[in-house]
Protein chains: 2
Amino acid sequence: MGITKSEIFTDHQNEIALFAKVLGHPARVAILQHLFKINACVCGDLVDEIGLAQPTISQHLKELKQLGLIKGTIEGTSVCYCIDTKNWSEMKRLMKLFLDQDLTNTNCC
Amino acid sequence: MGITKSEIFTDHQNEIALFAKVLGHPARVAILQHLFKINACVCGDLVDEIGLAQPTISQHLKELKQLGLIKGTIEGTSVCYCIDTKNWSEMKRLMKLFLDQDLTNTNCC
DNA sequence: TTATATTATTGCAATATTACGATAAATAGA
DNA sequence: TCTATTTATCGTAATATTGCAATAATATAA
């Protein structure tokens, strides 16, 4: 098979999984970290920065864009990418809600 | 190919990606949520709870166990699973460090 | 227009993931 | 011992992901 049965889970569960999945590759983690570090648009230098082929980077950027975590603006012959702060904050809120579930009462083995 | 080039990324980036990846499936999100909700060991009822076949659940549990997020204790004929609070907290710390990168100075398109 | 630069898309190969039936393994109880 | 119960493992099929070479698309500059 290889196909996730999304339909048997809640929207909330699927949303968390989708965001986690896009963060689940070191290249995308590295791209996001670089965008945060630069704290501005990045045009072009991501390929040199990360160390994967240009089509591969382009594909990872596409996935990040599809989830809304970054946005790209055409600037001459190049495209400038940066964090979409609004969507990033919303993703963060959702992930933290999941991560912060109560551990204190865990009555367990 | 299909193989992630982990060697070109930092340990930190790979670690974040690994944790995010294991959270990147709704079944595993649902399993973890159930364990938090019950707030105790869960023996057996996960298959009924989630709605996937027993071998599939077993496989997802294995992945969560490998990352250390849950632990299982043999209890008679069944196995009781619960959140590994120590490792969960460490994972949470790491993920939050990544999620909480500074957005305030974003000077961007 | 032509050349250059930059990014996106296509096509493909290799590997990984998801899911489940069949079956094995382990333990408890009759 | 035999049976029932529960979980793990194996094998396999379907699909997804990763990565890159080749190429297309787009815009700027000469």
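Each chain gets a letter, A, B and so on, in the order its sequence line appears, and its residues count up from 1.
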**OP:** Starting from P on dT7(D), measure out to CD on E49(B) and report it in whole angstrom.
**Re:** 14 Å

Original post:
Toward the 5' end of DNA chain C, which comes first, I3(A) or G2(B), by nearest nucleotide?
Top reply: G2(B)

Restricting both atoms to N or O, compile the protein contacts to nucleotides 7-12 of chain C shorter than 3.5 Å, with distance only.
residue : atom : partner : partner atom : Å
dT7(C)  : OP1  : G44(A)  : N            : 2.9
dA8(C)  : OP1  : Y81(A)  : OH           : 2.4
dA8(C)  : OP2  : S58(A)  : OG           : 2.9
dA8(C)  : N7   : Q54(A)  : NE2          : 2.7
dA8(C)  : N6   : Q54(A)  : OE1          : 2.9

**OP:** Could you note down all residue pairs passing salt bridge (Lys or Arg N to Asp or Glu O under 4.0 Å) where residues 77-99 of chain B supplies at least one of them, sequence neighbours left out?
**Re:** D100(A)-K92(B), D100(A)-K96(B), E90(B)-R93(B)

**OP:** Map A53(A) and T4(A) onto DNA chain D by nearest heavy atom, then report which one ends up closer to the 5' terminus.
**Re:** T4(A)

Subject >> Distance in angstrom units between D48(B) CG and dT6(D) C1', rounded >> reply: 12 Å

**OP:** Report the distance from atom CD1 of I50(B) to atom C1' of dC20(C), rounded to the nearest whole Å.
**Re:** 16 Å

Original post:
When rounded to the nearest 0.5 angstrom, what distance separates CG in L35(A) from CD in Q101(B)?
Top reply: 9.5 Å

Subject >> For atom CD of E75(B) and atom P of dA8(D), their distance in whole Å >> reply: 14 Å

**OP:** Flag the pair L103(B) / I83(A) as yes when at least one side-chain heavy-atom distance between them is below 4.5 Å, and no otherwise.
**Re:** yes

Subject >> Donor-acceptor side-chain pairing of Q13(B) and T10(B) below 3.5 angstrom >> reply: yes

Original post:
Hey, what do you get for CG (D11(A)) to CG (L18(A)), rounding to the nearest 0.5 Å?
Top reply: 10.5 Å

Subject >> Sub-6.0 Å ring centroid separation between F19(B) and W88(B) >> reply: no

Original post:
If you measure from NZ on K21(B) to CG on L67(B), what distance do you get to the nearest 0.5 Å?
Top reply: 10.0 Å

Original post:
Is the shortest side-chain N/O distance from H60(B) to OP1 or OP2 of dA19(C) below 4.0 Å?
Top reply: yes

**OP:** Answer yes or no: is there a donor N or O on one side and an acceptor on the other, between the side chain of N14(B) and the main chain of S6(B), under 3.5 Å?
**Re:** yes

Original post:
So H25(A) and H60(A), would you call those rings parallel, tilted or perpendicular, with 30° and 60° as cut-offs?
Top reply: tilted

**OP:** Find the distance Q66(B):CD to dA16(C):P and express it as a whole number of Å.
**Re:** 14 Å

**OP:** Mind running a 4.0 Å heavy-atom check of residues 17-35 of chain A against DNA chain C and sending the residues that fall below it, in number order?
**Re:** none

Original post:
If you look at every strand shown and take non-hydrogen atoms under 4.0 Å, does L52(A) touch a base, only sugar-phosphate, or nothing?
Top reply: sugar-phosphate

